[in-house]
Amino acid sequence: MNGTTSPLLQVQGLTLASASATVVDDISFDVRAGEVLGIVGESGSGKTMAVRAIIGLLPHAIRRSAGRIHFEGQDLATLAPRELRRVRGRRVGMVFQEPMTSLNPALTIGRQLDEGLEYQTGLSAAERRQRIVSMLERIGLRDGASRLAAYPHEFSGGMRQRIMIASAMLMRPALLIADEPTTALDAVIQREVAQLMFDLTREQGAAAIMISHDLAMVAEFAQRVVVMERGRIVETGGSEEILLKPQHPYTRRLLEALPRRAPARALPAAPVPVVEVRNLVIEFPGRGGFLQRKRAPKRAVHGVSLQVMPGETVALVGASGSGKTTVGRAIAGLLAPTSGDVLFQGQSIASLDASARAAWRFGCQMVFQDPYGSLDPRMMVADLVGEALRNVASLDDGARIERVQQTLAEVGLDASFGRRFPHQLSGGQRQRVAIARAIVRNPAFVVADEPVSALDMTVQRQILLLIRALQDKHGFACLFVSHDLGAVEQVADRVLVMDDGVVVEGGPRDQVFDRAQHAVTRRLLSAMPALQPEGSGFRLQRRATGIA
Amino acid sequence: MKLRANAVIGLALVGFFVAAALIGAVWTPHDPLKINILQRMKPPGAGFLLGTDEFGRDVLSRLITGARNSLLIAVLTVAGAVGFGALLGLVSGYARGVVDRVLMMVNDALLAFPGILLALGLLAVMGPNKYGIVLALALAYMPVVVRVVRGSVLSVRAREFVEASRILGNSEAFTAWRHVMPNCVAPLTVLATSMLGWVLLAEGSLSFLGLGVPPPEATWGNMLSAARPYIGQASWLAIYPGLCISLALLGVNLLGDALRDHLDPQMRQ
């Protein structure tokens, strides 16, 4: 990696435009052989389009209007589609964000892994099979040969993403492009998958471009970083220099948006918890196959007990499949407990009479993870929020409209938003609408199920601050369900760690984060390095690995 | 802007046929039922603009009165099939469980019958008349609607905004009606517009078997069926009713697409 060798990939003055706007504006960067380049920036900064242009996978509406893309001695921008196909896959591999949809569900993984090899190399069937099996074993699939006939749905999200990486690396490309390769996975798996990906590129001597909004991960794995804002490169350089000592105000803003631990709050003592869960057990009925008998029910939650005091934020953390979301949904009344009890303000919700039941429905609200899915696409914002007040007899129409406007203002949306449809809003704005809908009737308790994990870092920060501000103002308690320990560290008063349907550790936030006892907690913590401010810059902090 | 042009054409075509049907109730160029053996199978010309049929009846006049019968039967049938089918599909898909299984069992049994055969059976019992045809065809086509709507309901009800509605304390019926149903109308409009075409033709097939609107009353379908033996000598007998059916369908389809786009906020800019 000395300065004299020419770069593997050289992008010069690349400009991409759609009919109405410039998407990428005159950017230049290069990637040297064997190095990892991170591209960071908010959504809409053009980072995905910039790398898609390299391999000629731009959406129809976007065209390259200027610029050159030199790769291994040819200008990819001027290659005929036929020649470009030869570069794609063989010389440049790609891993996409969504492991659930990037493998073809109708083909076995053996077939899919073989496809590229068969098309691009002259290897015999036996040699290809040999290569595939050893690659599958390399990515951690025990007994690779027997899994060749398995279909994608038989694997977890993390394993599918490993298979995607395997399929890209099988071709021994000189450059791997990974677009948010781990964003859809939970924290622990994110780290493992990223580690595997970069181990493989290092072993094969390939270079990589990683697009990610996870700045800590970029700081850990990338040697150099490009920071993009609205289609332009605002800063580029060594990753330590940029991410630990940022100069450009935009980069600083990105880093400052990372969640930080807020000082612990003192909560007023209250006699009765607002929500109490006692020995909650939830089973999902087993599914029978074709001509098969029903299997035994699957137990998702085994006897969880917890309490949430008024005004308190309790975080329920754990890997995917740990049952944390199921607990949240049971408290919100979306799932019926198999056994155990959920109490709202001291009364079991199973035994509530009609009016108490209405009060519980009224006082217990929920904010969902996906702001795209949780708003009815056919309703306008004012109607979406106003619907929550539909059953409030004491409000007439005028008062209802006023209340809606007031709540929209509280979540930072002015009156003009009332007449918009969800698709006209950004992800952050939609989540604000979802929050407005949850708090418009002043609930005592809100379940927030991964409320920020679908959002950009800077937007995450705004939403987390908003939730806290609203909580200070209205005093509702919150169950914050998340795998994102960064966000949890910022908002939680107390933390409960779940694994395999049971709570393995719980306590005040500082205690859990600083003196974790249980191995599961430690594993979660070690998977989440954080960029902590230090002096005028930042420091990459790895957490809790040893045993205290 | 292309979208708008399609909507205008659709509206114009539909408006034209509806106007013809309305005018036909009070005035036609000739008496559509008057038989005149001397004027048999006259080609289109000055006296009879679109020619005459095998009994010497004026084709244009018959098309105009036929418009009323055909459109009435088609619209009522589709409205019935879509209305009841959508309701059953919604209930079935939203309730799931036993309700769903029983409804689907009955529905699939109906679906397994060729629609026209089912209609024939019903008509044989009720005797051929306009409303019998509407009822029979609506019942014959309803199972398709039930299936389509149930499918969309199953996918829509799994979305988070449906759960959000439950958390707000809305009743199941309100949630189904307010949040699930509107998000299922897109496939339904497509289905309804193509169904209109099936009905126009099916009504003709029934006439062919002697179970349609009884002669001498005219419908586009029975005019088309009746033209079959004479197609070599008097092609206009088949061409004009066929053209009416095609243009009416084109109009309805264009209008249906425009309507679907208009109802979907994501298509409006």
Side-chain angles (χ1 to χ4, degrees), chain A residues 20 285 325 328-329 331-335 354 357-381 383-392 419-425 430-431 433-435 437-438 440-441 443 445-447 449-451 454, chain B residues 1-3 86 90 93-101 104 108 149 152-190 256-269:
Chain A
S20 54
T325 294
R329 289 164 58 86
I331 295 174
L334 288 174
L335 285 173
R357 209 174 165 76
W360 161 67
R361 260 279 140 265
F362 217 78
C364 175
Q365 286 301 304
M366 185 156 177
V367 176
F368 293 87
Q369 169 174 9
D370 177 9
Y372 295 83
S374 66
L375 302 176
D376 186 338
R378 288 181 179 253
M379 288 172 75
M380 287 188 295
V381 167
D383 298 331
L384 283 163
V385 178
E387 194 187 332
L389 299 173
R390 196 174 69 93
N391 299 323
V392 186
R419 305 208 34 89
R420 296 207 205 165
F421 286 97
H423 72 274
Q424 296 167 315
L425 307 178
R430 288 182 209 205
Q431 203 60 309
V433 173
I435 292 171
R437 177 175 59 188
V440 68
R441 39 193 207 186
F445 179 69
V446 173
V447 178
D449 185 4
E450 305 270 14
Chain B
M1 250 23 249
K2 199 176 119 232
L3 213 87
L90 182 64
Y94 198 79
R96 298 186 295 188
V98 182
V99 177
D100 182 34
R101 248 177 285 162
M104 276 302 116
D108 287 350
V149 171
S152 327
V153 167
L154 284 177
S155 80
V156 171
R157 69 157 292 150
R159 293 174 58 185
E160 280 182 342
F161 63 80
V162 173
E163 297 197 322
S165 169
R166 290 174 60 198
I167 286 189
L168 291 179
N170 291 326
S171 67
E172 300 289 348
F174 179 87
T175 303
W177 187 249
R178 185 76 186 82
H179 293 290
V180 179
M181 200 62 218
N183 284 292
C184 298
V185 295
L188 204 55
T189 51
V190 176
D257 282 356
L259 197 68
R260 182 199 60 207
D261 293 348
H262 179 74
L263 289 176
D264 185 350
Q266 298 188 42
M267 300 290 292
R268 262 182 273 161
Q269 280 314 311

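Each chain gets a letter, A, B and so on, in the order the sequences are listed, and its residues count up from 1. Just so it is clear, the structure is predicted and the values come from calculations on it, not from any experiment.
Within a 6.0 Å radius of CZ in B:R178, other residues, nucleotides and ligands contribute 12 heavy atoms or fewer.
Annotation for B:A164 and A:R437: closest pair CB-NH2, 3.3 Å, computed over non-hydrogen atoms. Minimum heavy-atom separation, A:P377 to B:R159: CG-NH2, 4.0 Å. Smallest separation of non-hydrogen atoms from A:F368 and B:I167: CZ-CD1, 4.0 Å.
For the pair B:E163 and A:R329, the salt-bridge criterion is met [side-chain N within less than 4.0 Å of a carboxylate O].
The part of A:L375 that comes within reach of chain B is its backbone (N, CA, C, O), which places non-hydrogen atoms under 4.5 angstrom from that chain. Using a 4.5 Å cut-off between heavy atoms, A:M379 contacts chain B through its side chain alone, with no backbone atom that close.
The CD atom of A:E387 sits 7.5 Å away from atom OG1 of B:T175, with the distance rounded to the nearest 0.5 Å. Rounded to the nearest 0.5 Å, atoms CZ (B:F174) and CZ (A:R390) are 3.5 Å apart.
Inter-residue side-chain proximity for A:R378 and B:V185 is flagged as met; some heavy-atom pair is nearer than 4.5 Å.
In terms of modelled atom types and a separation under 3.5 Å, the side chain of A:R441 and the main chain of B:L168 share a donor-acceptor contact.
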